[in-house]
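Encoded as structure tokens, the structure appears first; notes follow it.
Letters A, B, ... are given to chains in the order of the sequence lines, protein chains preceding strands, and every chain is numbered from 1. What you are looking at is a predicted structure, and each value in this text was computed from that prediction instead of being measured.
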Amino acid sequence: MAAIETLLLLGLIVCAVAANFTRNLLPTIIIYAAFGTMLSVIWILLKAPDLAITEAAVGVGIDTILFLLALRSMHHLDGTGDGK
Amino acid sequence: MELNEILRHLAENRFETASVLLFVVGLAGMLFNRNLFKKVVSMGFMDSAIFLFLTSAGYVEGRIAPIIADPSVPATVEVYSNPLPAGLVLTGIVVSVSFTAFGLALTQRLYKKYHSLNIDEIMMQARKSED
Amino acid sequence: MKKPLWYEKLERWVEGDSPALPEPLAHVENPEPVKEEEAPVQHGPSLLRSAGGTAMNRLTTAFGILCCAIFALLMLTTVAYLPRFGDADNAPENETSRRYIEQGLEEVGATNLVTNIILVYRGFDTYGESCVLFLGATAVIMLLEADRKNTSQKDRLALRRSDALDEEERNQILGHITTVLMPVIFLYGLYILCNGHLSPGGGFAGGSILGGALILCENAFGARRVQSFFNHKVYHIIKVGALILYAVLICYTIYVGANGLPNLIPLGTPGSILSAGIILPINVAVGLEVACTMYAFYTYFGRGDL
Amino acid sequence: MRMFYENFPFFCVFLALLSGILTTLVRDGKKARAVTLAMLLCAAVLNGAVFLETSLRNVNFTYAMGAFPAPWGNELRAGPVESMLCTVFCLVMLFSLMGGGKDLEEDILPEKQNLYYIMMDLLAASLFALSYTNDMFTGYVFIEINTIAACSIVMARDCGQTILATIRYLIMSLVGSGVFLFGVSMLYTITGHLLMPSLYPAVTALFDNDSLHYPLAVLSGMMCVGLAVKSALFPFHTWLPTAHGSATTASSAVLSGVVLKGYIILLIKIMCRVFTPEEIGSLGVGSVLFVLGACAMIYGSVWAVRETHAKRMIAYSSVAQVGYIYLGLGLCTPAGITAAIFQIVAHAFTKPLLFIATGGLIRASGHQKKLYYLRGAAWRNVAAGLGFTVGGLSMVGLPLLAGFVTKLVLGQAALAEEIPQWQMITALAAIAVSSLLNAWYYLPVILQIWKKEPEPRGPEGEVYDEHKENPGLSFRTAVLCMSIVVVLLGCLARPFVQLIARGVALL
């Protein structure tokens with residue numbers, strides 16, 4: 001159990017770091033969704049099922065939709081890296 | 001405290017440790033990433049880190065989720081974990097969504113106006129249009 | 001590395017140029033010349049300023065990250081002083097949580113103890129939180145609702161064109177699947193919403209699922225179909241109605257509780273669906289408000305209107 | 001059975017929330033404005049009643065939000081200080097909206113004006129809740145309401161500049177509230193409480209344990225820094241000048257006069273009711289706040305001297321004035337806190353007065369925002385000119401005006417026996433230098449706006465018509481009322497300071 005927890009926690013940190021270093025923005029959003037999914041598993045491990053459901057619906061579902069929509073309306077998939 | 005002892009405590013409190021690291025990563029991303037979109041994403045990471053910290057305060061080993069299975073049996077503290085942090089975090093998650101939406105809306109408007117997501121570039125253009 | 005097909009499709013959708021879509025401005029009569037498309041290129045002295053700016057920025061960023069690292073160290077050492085994770089005699093396990101667990105069912109009436117806390121014990125906080133959501137929606141409307149400052153004639157025409165195209169080339173598969181799934185999703189959302197006092201979930205989770213279902217509806221059947229039953233008026237009535245209902249319930253509870261008057265709302269049998277006093281109606285109100293807000297976020301981001 | 005007036009704080013919060021929600025249904029800006037003004041007037045009366053009752057009886061009371069008392073449910077707590085500050089906030093918001101009405105109508109599209117007033121209503125609600133709250137997490141929730149409403153009133157003017165300013169403001173605010181909430185979570189992990197009355201004994205008990213001083217120092221520092229970021233203390237002030245300088249006049253006035261203060265009140269409550277001022281001092285957090293406050297006083301004034309944009313100059317002066325507040329708090333004595341609260345009240349009236357008056361002057365000069373073009377503007381809008389003169393002189397510290405009393409009280413607090421010598425010297429030096437700098441940038445502007453030009457001209461050589469601009473009755477009333485309050489605060493300083501000191505003792 002502890003191993004799974006540690007793995008998930010490491011996964012969270014890796015996601016948070018990786019989201020800052022992607023060249024395009026779509027991977028950032030996908031990483032964000034992955035982060036939310038892992039977090040919602042962690043809520044279950046921490047015995048907080050209410051949070052797990054809310055996180056899955058809000059953090060993963062609605063947030064991701066919002067990000068994708070914003071990105072779509074910005075027509076800016078390629079080359080939004082820092083250099084440009 | 002000795003370094004060894006500190007490390008041991010950190011490994012014991014692994015949820016808290018992870019949430020502190022996550023918080024600082026999110027904070028740094030919010031403050032120093034020049035891309036507005038990623039700033040908004042980092043905002044989500046930072047909030048989640050705080051929620052992780054708060055929830056782990058309510059966890060006690062071996063106790064089950066605070067939902068009473070059988071109302072006829074009186075509930076005792078020894079069975080259920082602390083429901084208060086979960087309640088607070090539930091409040092927090094919804095607050096964080098509103099802010100994500102607000103931040104994204106601002107980003108979208110700025111992009112429409114300045115055709116850039118880089119905050120330095122936007123600031124430069126804004127300053128130029130003011131002069 | 002080759003990108004997988006689904007990724008490319010997603011990418012194309014996000015970019016908004018599916019191959020079937022013709023150039024949006026090709027045969028639209030547009031009186032204004034297109035001039036906003038120019039890439040922002042810096043010339044002359046501003047280029048110098050930008051170069052100086054980035055060097056300066058690097059320095060400040062490096063300094064800032066150093067500060068963050070120090071901050072992280074401070075916080076990590078603090079974490080080392082915190083009580084051990086998962087211990088049964090940690091500070092949060094005090095008389096507060098004892099009462100929530102042992103008397104919550106009797107005093108408030110919901111078997112989901114978290115719901116007891118957020119809606120009754122700390123109902124004021126949660127009302128504040130739904131106000132944050134309300135404010136978030138209002139702020140997004142303020143920013144993105146199409147008006148003469150943020151939308152040009154050209155944008156409006158392009159939007160109308162893409163709407164018309166969407167109407168013509170509706171995705172059949174999505175439509176059929178949605179027809180089958182929609183009742184199930186709505187039912188699931190309603191279940192989570194109305195069972196908030198008995199099982200995990202409640203207004204916020206259920207409401208976002210309902211909002212998600214509305215978003216799916218719009219994607220599958222088109223904006224016009226959704227607008228036929230969910231327009232500005234319905235949106236405002238539901239949102240304001242839900243918040244007012246919530247406010248009335250919570251004000252009543254607070255006023256009665258604080259002044260020591262008898263609470264006339266019955267608690268019912270614990271565990272049954274019609275129990276826990278004000279929690280069920282509040283959950284419904286919150287769920288409606290959240291669903292409206294989530295759908296409003298979606299449409300304002302996409303179209304700039306409901 | 002509790003006294004009926006004890007319900008008033010709760011009524012105020014919900015009155016403001018509900019009027020905001022109901023304003024959604026009012027699509028007409030004028031009606032929405034009427035609703036908001038009426039709400040603010042009602043709230044001012046209710047809060048004023050609470051203030052009178054509590055200060056006459058010299059009591060405070062707690063009000064359980066629901067049937068469950070202290071450690072289980074939410075609570076409000078009201079005493080003379082809280083209710084007085086809430087009354088001040090209502091009045092300031094009322095005057096700001098009255099004075100900035102014309103700019104508002106021009107800057108915001110008619111179909112979105114009702115949304116602006118929704119934000120104002122909820123801003124008022126959050127300020128009441130922040131002042132009255134007795135619970136850390138309620139504080140956090142209402143901080144977030146405050147943030148989102150404050151950001152929205154900045155961006156209401158809807159041009160590129162304001163949106164940019166808003167997103168910078170939003171990011172800094174979220175950093176602030178994140179750090180604050182992390183501090184609160186740590187406090188919860190250590191003590192297991194969120195309510196201030198239960199936290200107080202728990203924290204006092206922790207102070208006996210030497211090994212826990214370090215985490216207490218870190219977490220109290222985090223809470224203070226989080227609130228300091230949001231109230232624009234010196235190194236975290238970068239968002240303030242653009243946000244306050246580019247927003248519409250009423251927003252600038254409300255933001256600098258009221259919004260910054262809401263967070264500081266929460267900080268004062270934490271200092272006095274979760275910790276004690278001495279504890280904060282012994283943890284070293286007090287000294288940090290003190291030093292940053294002193295730096296802010298100098299730095300803000302120096303930048304204000306260099307600024308040529310009228311509203312941004314006043315915004316930089318806000319940075320300096322927030323420094324005064326933190327200087328008082330950093331002394332960690334009741335006298336210092338009294339001085340800080342007096343400065344909160346004085347600044348809450350003076351700065352909106354300056355912003356509103358400047359707005360009037362700018363309107364009378366063909367919407368030119370550079371100081372240069374404001375020459376002679378006072379003759380074109382006399383009320384605005386008088387308002388600016390009173391406000392500016394108060395900032396400089398002319399005797400018989402509010403600003404002078406602040407400096408005096410702050411100086412007295414710094415000269416007390418228990419204050420270490422370095423703090424005494426720093427405080428006096430900072431006050432002196434900052435007053436000089438204030439004089440350096442306010443006096444020339446005051447002289448310039450009263451300088452009669454034979455033919456005032458704008459940048460393109462256009463001539464301003466002397467009688468084109470009629471500021472309107474509500475503008476004149478607002479400026480006049482605020483000027484009178486500034487003068488009254490200066491003249492009746494002694495009883496008022498004593499009143500605050502009594503209230504601080506009750507905190």
Grab the two heavy atoms, one from [X] and one from [Y], that are nearest each other, plus how far apart they are.
X	Y	answer
Y114(B)	Q161(D)	OH-N, 3.9 Å
L164(D)	M123(B)	CD2-CG, 3.5 Å
M43(B)	L174(D)	SD-CD1, 3.0 Å
S185(D)	I50(B)	OG-CG2, 3.8 Å
S152(D)	F102(B)	OG-CZ, 3.9 Å
L88(B)	F137(D)	O-CZ, 3.4 Å

Most chain D-contacting option - heavy-atom pairs closer than 4.5 Å, from V40(B), I122(B), D47(B), I119(B): I122(B)

Partner chain D: residue of R109(B), E16(B), K39(B) with the largest heavy-atom pair count (under 4.5 Å): R109(B)

Side chain / backbone / both / neither for S19(B) at chain D, heavy atoms under 4.5 Å: both

Per-residue contact mode, T107(B) against chain D (heavy atom under 4.5 angstrom): both

Pick from T147(D), D158(D), L194(D), I148(D) with the largest number of heavy-atom pairs that fall under 4.5 Å of chain B: I148(D)

Closest-packed option against chain B by number of heavy-atom pairs under 4.5 Å, given T189(D), V141(D), T166(D), I167(D): I167(D)

F182(D) side, atom CZ; F53(B) side, atom CZ - distance, nearest 0.5 Å: 5.0 Å

Worked verdict on Y140(D) versus V95(B) for side-chain contact (heavy atoms from CB on, under 4.5 Å): CA-CA 10 Å; Y140(D) 166 73; V95(B) 170; 4.2 Å; yes

L170(D) side chain reached by F99(B) side chain, heavy atoms, under 4.5 Å: yes

Part of M186(D) within contact of chain B (heavy atom distance under 4.5 Å): both

